[in-house]
Structure formats: structure tokens, C-alpha cells
Asks: 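Have a look at this one before I ask anything.
Here, residue 1 is the first one in the sequence, and each next residue gets the next number. Just so you know, these numbers come straight off a predicted model, no measurement behind them.
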Amino acid sequence: MKQKMLQLLLVTSLLFLPGIALSENWILNGEAARKLIDEKNALVLDARADNWKNRLWWNSISNSVAVKWRELSDQGGASLGKVSLDQTFTNEVFQRWGVHANQPVLVVADAENGWGEDGRIVWSLRTLGHQQAYLVDGGFQALKAAGASKASKPRLPGSFTAQPVEDWHITAEQIRNQLGQSNLVLIDTREPREFAGETPYGESRGGHIPGSVHLHYRELTDAKGRLLPEQQIRQKLQQLGVNENSEVIAYCTGGVRAGWFTSVLHDLGYQAKNYDGSMWDWSSRSAAEFPLTVR
């Protein structure tokens, strides 16, 4: 009885941590994710690269669907990175993937070699109104190591209907209007060479948005792609001027790495938004109205 009371007190205390509610977590470890599969029949979205080996039975997980982050995005030109707000389009994707509103969705990727596709998809699902989308820390390997089954389960066409929210999404015009605000921290999550002006991924112009600071998204993980201890992450963010009152805006090339970054920050209780258009969008616009800094 005493042990049960202690457990109840612990759970109750966690529920009232300032700025963080358990229901708002965006990231789970492998063990917690596996339990969601076993107990809640969670859907697994496998966002690893287009590798045929990932689709084989021995390298897959029960109730999983192979997906691409681009499937929820606009399909052409400078809009390629932007999450699609066309509900007819996105609802068709959710039907194909098998997404339901009352069913948890776990997203896994290649944590060691990927580009944060899992975080981008989680951010997209949350932005489109799904409240139970989770990134699995450590990716596919972490879920597999936790004992996720390979046994197949029946999967029905999805019924989730997108209801877009603006909490974690921002446009180029909104960023331009906020530049210079004291509580704004604009973080470029790309490689150092991109921040300095190189354009290896098809940007129209090189450089970074004025006033932004640099933190490559991989600096928040270890060599295996698992998140660093929370205190280390918070220290890195503090060094960039991020605190509990900051509004953080992350960007990259097309909102993938920045989407992952935003998911991580939100899980830690920060106010964070993903500029999903990112450099594909910003660099395609007028240099006079949407300038870039090169160094």
C-alpha cells in the first residue's frame, strides 16, 4: 500500500510540473513506445530512407507503414518543404497510412543516418491536429531493441480528418515582422557550411536569415542518434539565449531538420515553431524584402 501511495504521489507531481504536461509529450523511448503498440495498438510510421531492405519482414515492426515526409507536403518549387494545408489532400494521405484520431501514432526513422524525418512527420501530424503523435528516441533500432513484435495485425483505412493548428507553424512574412524582437531566438539548424553561405541542397540564394544563430540539429544527439541528456540540451540552448520566455523559430532547408528540432524543444516545454518553408522558401523571395547574411 505504501509503495502504491508513493507511485501515486510521483505521478501527481509530474502532472503539475510547470510548463510541461505528460499529455503534451512528443517523444518516447523505445520501451514506452512498445507498450503503446501492445496496449493501445499504436500505428507505426516507418520514415526511413527509400531502402527496399527496410520493407522486408525481418526488418520491419508490427503495425508499421513505410512513409515519406514529403507525402504531407506541398509538391513543387519553393513550396516543397511546406506542410500541406489542403485538407482533401492530407486526409487522403491519412486514409492511406491508416491514421485514426483515437489511435497513438509512433514515428521511427534511421536515428543514426537519417535527417530528422521522424521529427518532421510528428511535427506535421501535430500541426494538422493529431494529438497523439510521437517520435521514438533512437528510431527504428530503439523500438526493435525494446522487443516490438514483427507479427502482422489487420490495419483499416485511416479515418483521421486534419484540423490544422497554428501553434507550431510560422510563415516567412511572420518571421520578417518579428525580426528584432527581444524574446525571439531564430535558430538555423543546418550544417555550418550552409549557415556560412553554401547552397548544397538547391537554395536560390545562400546565407542565413539576419539575426539567426547556428546550432546544427545533430548537436543534440549522440553518435547513435539518441538524444543527449536533458540538462546538456538545455545548456546548449541557454548558450544561444534560449530561456523559458523565448519564442524559438527553427529553420533549415525545407523544414525537416527544423521540424525534428521543434519536436525536441516542444517536448522540453519550450515555445518553438518550425518555419517549414525554410531556405527553399526564403531564398526564392525578393532579396530586398527577405535578405540573407553571408559570412
Side-chain angles (χ1 to χ4, degrees), residues 26-30 32-38 40-76 80-84 86 88-128 130 132-162 224-226 253-257 259-260 263 276:
W26 287 29
I27 300 176
L28 299 175
N29 62 29
R34 181 191 60 77
K35 288 182 179 179
L36 274 186
I37 297 175
D38 295 343
K40 301 292 185 180
N41 194 35
L43 173 68
V44 179
L45 300 180
D46 189 337
R48 289 175 293 166
D50 296 334
N51 186 329
W52 65 272
K53 292 181 180 179
N54 294 337
R55 299 169 186 257
L56 295 178
W57 176 84
W58 54 265
N59 202 25
S60 62
I61 289 174
S62 169
N63 216 23
S64 65
V65 183
V67 302
K68 303 175 184 177
W69 71 267
R70 286 186 175 87
E71 292 181 74
L72 285 175
S73 300
D74 290 338
Q75 299 300 303
L80 178 61
K82 297 179 182 179
V83 66
S84 177
D86 181 335
T88 300
F89 174 82
T90 54
N91 291 345
E92 289 176 354
V93 176
F94 293 139
Q95 183 178 34
R96 184 170 68 250
W97 286 2
V99 177
H100 299 270
N102 59 352
Q103 180 185 32
V105 178
L106 306 171
V107 189
V108 296
D110 182 343
E112 187 173 353
N113 301 303
W115 282 68
E117 299 92 340
D118 45 2
R120 165 62 189 233
I121 292 174
V122 167
W123 171 84
S124 297
L125 287 167
R126 294 279 182 159
T127 297
L128 293 171
H130 200 291
Q132 298 185 68
Y134 306 98
L135 182 162
V136 179
D137 184 23
F140 172 83
Q141 291 300 331
L143 190 52
K144 184 177 179 180
S149 171
K150 297 189 184 75
S152 61
K153 297 180 182 180
R155 181 170 56 86
L156 299 174
S159 60
F160 176 66
T161 299
K224 294 293 184 181
R226 293 179 183 267
T253 306
V256 179
R257 295 170 284 184
W260 180 92
S263 295
D276 51 332

Asks: If you define the side chain from C-beta out and look only at heavy atoms, does anything of Q141 sit under 4.5 Å from E112?
Replies: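 No, side chains not in contact.
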Asks: Which atom pair, heavy atoms only, marks the closest approach of H100 to S159?
Replies: ND1-OG, 2.8 Å
Asks: Please report the closest heavy-atom contact between S263 and I27, naming both atoms and the distance.
Replies: O-CD1, 4.2 Å
Asks: Would you say the side-chain atoms of R34 pair up with the backbone N or O of A146, donor to acceptor, closer than 3.5 Å?
Replies: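 It does hold such a pair.
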Asks: Does a side-chain heavy-atom distance below 4.5 Å link D118 with W260?
Replies: yes
Asks: Quick one, V105 and F94 - any side-chain contact, counting heavy atoms below 4.5 Å?
Replies: no
Asks: Could you pull out the closest heavy-atom pair between G81 and R120, with the gap in Å?
Replies: O-NH2, 2.6 Å
Asks: Test your reading of the model: is there a side-chain donor-acceptor pair from E117 to the backbone of K68, 3.5 Å cut-off?
Replies: no
Asks: As an exercise, state the distance from CG of L128 to CD1 of I121, rounded to the nearest 0.5 Å.
Replies: 11.5 Å
Asks: Counting C-beta onward and ignoring hydrogens, is there a side-chain heavy-atom pair between R96 and V67 closer than 4.5 Å?
Replies: no
Asks: If you look at every heavy atom in L72 and S124, which pair is closest and at what distance?
Replies: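 Between these two residues, the closest heavy atoms are CD1-CB, 4.0 Å.
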Asks: Please lay out, stage by stage, how L80 and R70 fare under the test side-chain contact (heavy atoms from CB on, under 4.5 Å).
Replies: CA-CA 8 Å; L80 178 61; R70 286 186 175 87; 4.2 Å; yes
Asks: To the nearest 0.5 Å, how far apart are CH2 in W69 and CG in L45?
Replies: 15.5 Å
Asks: So D276 and T127, do their side chains get closer than 4.5 Å, heavy atoms only?
Replies: no
Asks: Compare all side-chain heavy atoms of I61 with those of D46 and state whether any distance is below 4.5 angstrom.
Replies: no
Asks: Within the 4.5 Å heavy-atom criterion, are L135 and W123 side-chain neighbours or not?
Replies: no
Asks: Is L143 close to I37 at the side-chain level, that is, under 4.5 Å between some pair of heavy atoms?
Replies: yes
Asks: Answer yes or no: is there a donor N or O on one side and an acceptor on the other, between the side chain of R48 and the main chain of V108, under 3.5 Å?
Replies: no
Asks: Just verifying a value: how many Å separate L106 CG and S64 OG, rounded to the nearest 0.5 Å?
Replies: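 Between L106 CG and S64 OG, I get 11.0 Å after rounding to 0.5 Å.
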Asks: Kindly give the heavy-atom pair with the smallest separation between V136 and A33, and that separation in Å.
Replies: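 Shortest heavy-atom separation between V136 and A33 comes out as CG2-CB, 3.8 Å.
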Asks: Could you report the tightest heavy-atom contact between W97 and L43, atom names first, then the distance?
Replies: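 The answer is O-CD2, 3.7 Å.
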Asks: How long is the span from the CD atom in Q132 to the CD atom in Q103, to the nearest 0.5 Å?
Replies: 9.0 Å
Asks: Counting N and O atoms only, with roles assigned by atom type, does the side chain of N29 sit under 3.5 Å from a partner on the main chain of D137, one being a donor and the other an acceptor?
Replies: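 Checked: no pair found.
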Asks: Run the numbers on Y134 and R126 for side-chain contact (heavy atoms from CB on, under 4.5 Å), then give the verdict.
Replies: CA-CA 9 Å; Y134 306 98; R126 294 279 182 159; 3.6 Å; yes
Asks: When you measure from the side chain of H130 to the backbone N and O of V122, does any donor-acceptor pair fall under 3.5 Å?
Replies: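 Here the side-chain-to-backbone pair does not exist.
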